[in-house]
Amino acid sequence: MPVQCNAVEVPAVASMLRGSMSDPIYDDLNEQQQSAVAHGSGPMMVLAGAGSGKTRVVTRRIARLLRDGTPSGAILAMTFTNKAAGEMAHRVQQLGGDYVRVATFHSACARFLRRDGHHLGYPSDYSIYDVQDRDTLIKELMAEHGVRSSQIKPAAIGNVISRLKNAALAPDTTALGDDDIAQAVRKLWTPYHERMKQVGAMDFDDLLLVFLQLLREFPAVAERYRERFRYLLVDEFQDTNRVQYDLMKRLCPPPGNLCVVGDPDQSIYSFRGAEVRNILEFERDYDPCTIVRLEQNYRSTATILRAAENVIANNRQRLDKRLRTDNPDGDQLRRFRAATATEESAAIVDRIAELRDDGVELDQIAVFYRAHWLSRAIEQSLKTAGVPYTIVGGQTFFERREIKDLLAYLRVLVNPLDDVSMARIVNVPPRGIGKTSLEKLRQVAFSEGMSLREVVADPALHGALTGKGRKGLAELADALERARVAAGYGVHAALEVILKTTGYVQHATTFGDAEDSTREDNIKELISDAIEFDDAEPEDDPFAAPGEEPQAGVAGYLQHVALLTSADSGEGDGPVVQLMTVHAAKGLEFDHVMIAGLEEGVFPSFRSIDDADALEEERRLCYVALTRARVTAMLSHARERMVAGSLDSMRPSRFFKELPKDCIADYAPTWRRYELDDDVDHDTGWTVTMDPEQLANVRVGVRVRHQEYGSGQVTRLAGRGISARAVVRFDDGREREFVLEYAGLDLLEDSGF
DNA sequence: CCCGGTAAACTTTTT
DNA sequence: GTTTACCGGG
């Protein structure tokens, strides 16, 4: 029987709390929540613990501002993800705040730059490059500047550039170091940004950075924005990075009406430059500011909350903070020790069936994991069991190859400078313009001082190519010109012309791989999305100000699409189980939560295991995962898992040790007909098969025996202590990696190696 | 230029 | 196990 623990709809409690403030806006709010809603002008920081009713406070506060006469166009609410923005926009709209602007930092800046980027020399129809586009460009630049791409991957350089920009740094910083990648970054930094500007493009980081630069260098423009948005609200403040914080300060300098809401324990984006430090700086920069703490949890059972609090209590770098709840204890957490990943997913299916039999709606069940690749096994089991589900995130619809190709076509229509997009489609579908032909075209473009698109558009410049290539070029020029004309009638029209004149569908469905059949569906989906966009009333754009030109047409569509994630794609049909990474789960809540893959090296990730700070972030991630659950939580781990092609022995996550023992009980499905080892290690639950003395003798080259695989030789060692692992090449050629302490390897005599 | 083969590397997390 | 890079024959 599900425990009802959401205090949202209990009027009796509300009337007691309401006290002197007899006003529907303060209905069902506790004292702290009320003070946050009632706060007048000036800076405020709301430290909102998990499940403490943050969203309600924010939306009620907006409602109050509106009711007390603040024009809705003067309120700007910044969120972190599109999903959060959409949800908040929806709620605010219900309150009558039609013109309250709710957006992510990125989409807001993208929008502002469309209008004001020209001050810095950017076209209003600039392209927004995603990571793929960025890396394509970096790869080109590496070739041009003699950086060996076989040694360093473009993505590595791109990531470093991005990290620097997120911290508002340039490559002259000492923080960059001096390894191969750092040197490449120094060499390519300026060319990269020059080229980006030349092709009229910005990457995700530029959206923020360039807008910040604009505010800095054009005080009059900055003043215009400050006057327009007199109330600024920033959600998930703990996840803002340096640049975002600088933006906030420019848009709403002290002692402005800046309201930030956050929870330091849920800071999980440091890899993207998020600085929890911003919370401390806010107190200093906006002193004196009102600080409100929301410490009453209305979401989870007391048991779940206690489990989560105990885990997070292991973090050393932490403000003292505790959450209370009046909710009932509820069930214990369940722990499932699986032999394999397959068995783990079987248990998940099993548990879902159990919940469904109890009458639980499937959309109240979520499965979380640390990284996307873990979803595969679970997905497979759900599929075979016929459990309907969706995967939130993962490869975005708009990152699919066929979609990116078509969007690249649209981009070159709107932004003729965009050589990266042009190079992408110049031979897609194949029209006889390969690498060498493209190089010739680039030469022409360079000597003429033109973009590729302009060269293609001018038949007089086609002389560089002959035969097949030249014919193909003429066809491409024709297709683009027709599409350009069609674009005047809308996105759909442009797409149809592109598809028809290039024969793209035929091309995309004959790659000869498994996805051939789904590609056509994807293209159809893109078309219906385009139609929907074409048909949408300009007012449907929650970000359009009254009187502001509507964001329509192909350019508008591209901008809209560039910042979308699959997490934003609409709810499918009917309630389905939700699968997602823990990151994607932030801000959501479900009655029943399952967390899979709780193993050392997976969650916490092996990349974080040797770094105290990174490990604390993993722990916050675990805290976020647990606090999503309202009623029950099941935590599972497998003892063996396929990781990057090899079967690894896994140990249970250290987070299990951090849960109070009475919070959690083993989950024992009746279908499992065997038991894992009886003789279990107290902490880990698994048999220790190699004693520490033996363990110390394991060296590269030593021969070992494994029950199942026979004898072999250790070829590589990794990790220390209890996480020490060895790669063993067996005599039959198979290679496996083991956690020594648990793998059951026997040391053989030194065989004269 | 294109397609097929085989080798090699590889999996955090997101706007 | 999966995706990408590179190479050689049509």
Side-chain angles (χ1 to χ4, degrees), chain A residues 78-85 103-110 128-131 134-135 139 149-150 153-156 159 162 165-166 202-209 236 239-241 243-244 267-274 341 368-377 380 392-396 398-399 401 427-438 465-469 472 510-515 562-568 580-587 597 601-609 614 617-618 620-622 624-625 641-648:
Chain A
M78 304 273 231
T79 64
F80 196 63
T81 61
N82 294 303
K83 203 196 286 174
T104 64
F105 273 96
H106 292 270
S107 63
C109 290
I128 298 175
Y129 280 6
D130 68 11
V131 175
R134 178 195 75 185
D135 292 344
K139 195 175 175 188
S149 66
S150 55
K153 279 185 306 184
N159 285 335
S162 175
K165 292 206 285 197
N166 277 310
M202 298 198 218
D203 62 29
F204 285 143
D205 308 314
D206 290 334
L207 293 174
L208 307 181
L209 217 43
E236 307 284 12
D239 285 324
T240 51
N241 62 32
V243 175
Q244 286 163 331
S267 166
I268 56 173
Y269 283 101
S270 68
F271 70 91
R272 250 199 53 194
F368 302 152
Y369 33 78
R370 176 64 238 267
H372 284 298
W373 62 271
L374 290 155
S375 72
R376 194 158 308 182
Q380 217 135 49
V392 177
Q395 202 194 21
T396 307
F398 294 101
E399 279 166 6
R401 177 172 167 183
N427 200 32
V428 177
R431 45 175 79 89
I433 310 171
K435 221 171 145 192
T436 37
S437 303
L438 176 59
L465 299 194
T466 54
K468 211 165 118 194
T510 51
F511 290 172
D513 59 15
E515 275 99 283
L563 299 168
L564 277 186
T565 323
S566 67
D568 311 307
M580 67 191 86
T581 64
V582 182
H583 281 88
K586 192 168 73 154
V602 175
F603 194 179
S605 157
F606 72 98
R607 290 172 199 268
S608 308
I609 251 163
E617 181 146 317
E618 298 283 328
R620 289 193 293 271
L621 210 44
C622 183
V624 167
R641 188 181 293 279
M642 275 291 207
V643 181
S646 69
L647 190 64
D648 285 10

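Reminder, nothing fancy here: chain letters follow the sequence lines and each chain counts from 1.
The side chain of Arg376(A) lies closest to dT2(C), out of dT2(C), dC10(B), dC2(B). Closest contact between the side chain of His583(A) and the listed nucleotides dT14(B), dC1(B), dA5(C) involves dT14(B). The side chain of Arg370(A) sits closest to dT13(B) out of dT14(B), dC10(B), dT13(B). Distance from the side chain of Lys139(A) is smallest to dA5(C) among dC10(B), dT14(B), dA5(C). Side-chain proximity of Asn427(A) to dT13(B), dT15(B), dC2(B): nearest is dC2(B). Checked against dC2(B), dT13(B), dT11(B), the side chain of Trp373(A) finds its nearest nucleotide in dT11(B). Ranking dT15(B), dT14(B), dT11(B) by closeness to the Ala644(A) side chain, first place goes to dT11(B). Closest to the Phe204(A) side chain, of the nucleotides dT11(B), dT15(B), dC2(B), is dT15(B). Closest to the Ser437(A) side chain, of the nucleotides dC1(B), dT14(B), dC2(B), is dC1(B).
To the nearest whole angstrom, the two P atoms, one in dT13(B) and one in dT4(C), are 15 Å apart. Rounded to whole Å, the separation between the P atoms of dT11(B) and dC6(C) comes to 16 Å.
Checking side-chain atoms of Gln380(A) against main-chain N and O of Ala377(A) turns up no donor-acceptor pair under 3.5 Å. Remark: side-chain polar atoms of Asn82(A) are paired, donor with acceptor, to backbone N or O of Leu563(A) under 3.5 angstrom. In this structure a side-chain-to-backbone donor-acceptor pair under 3.5 Å is missing from Asp206(A) to Leu209(A). Within the 3.5 Å criterion, the main-chain N or O of His372(A) finds a donor-acceptor partner in the side chain of Ser375(A). A distance-only check finds a donor-acceptor pair linking the side chain of His106(A) to the backbone of Phe204(A) [under 3.5 Å]. The backbone N or O of Pro430(A) lies less than 3.5 Å from no partner atom in the side chain of Asn427(A), so there is not a single donor-acceptor pair.
At whole-Å resolution of the value, CG in Asp648(A) and P in dT11(B) are 15 Å apart. Distance, Asn159(A) CG to dT13(B) P: 12 Å, rounded to whole Å. At whole-Å resolution of the value, CZ in Arg272(A) and C1' in dT13(B) are 11 Å apart. If you measure from atom CD of Glu617(A) to atom P of dT14(B), you get 12 Å, rounded to the nearest angstrom. Distance Asn241(A) CG to dT14(B) C1': 12 Å, rounded to the nearest Å. In this structure, Glu236(A) atom CD and dT15(B) atom C1' are separated by 14 Å, rounded to whole Å. Here dT14(B) presents its P atom at 18 Å from CG of Leu207(A), a figure rounded to the nearest Å. To the nearest angstrom, C1' of dC10(B) lies 9 Å from CZ of Phe606(A).
Between Ala371(A) and Thr581(A), the closest heavy-atom pair is C-CG2, 4.3 Å.
Residues that satisfy the ring-ring contact (aromatic ring centres under 6.0 Å, His included) test with His583(A), not counting sequence neighbours, are Tyr269(A), Phe271(A).
The aromatic ring of Tyr269(A) does not stack onto the base of dT14(B), failing the criterion of a centre distance under 5.5 Å from the six-membered base ring together with planes under 30° apart.
Within 4.0 Å of Lys435(A), counting heavy atoms only, lie sugar-phosphate atoms of the nucleic acid but no base atom. Residue contacts shown for Phe80(A) are limited to sugar-phosphate atoms, with no base heavy atom under 4.0 Å away.
Both Val131(A) and Glu618(A) lie near DNA chain B, and the one whose nearest nucleotide falls closer to the 5' end is Glu618(A). Map Leu438(A) and Met642(A) each onto its nearest nucleotide of DNA chain B; the residue landing nearer the 5' end is Leu438(A).
Within the 4.5 Å cutoff, no side-chain heavy atoms of Asp648(A) are placed close to those of Arg641(A).
At the phosphate of dT14(B), OP1 or OP2 sits under 4.0 Å from a side-chain N or O atom of His372(A). Between Thr436(A) and dC1(B), a side-chain N or O to OP1/OP2 separation shorter than 4.0 Å is present. Of the side-chain N and O atoms in Ser605(A), none sit less than 4.0 angstrom from OP1 or OP2 of dT13(B).
In DNA chain C, runs of at least 3 stacked Watson-Crick or G-U pairs (N1-N3 plus N6-O4 or O6-N4, or N1-O2 plus O6-N3, all under 3.5 Å) give these stems: B:1-10 with C:1-10.
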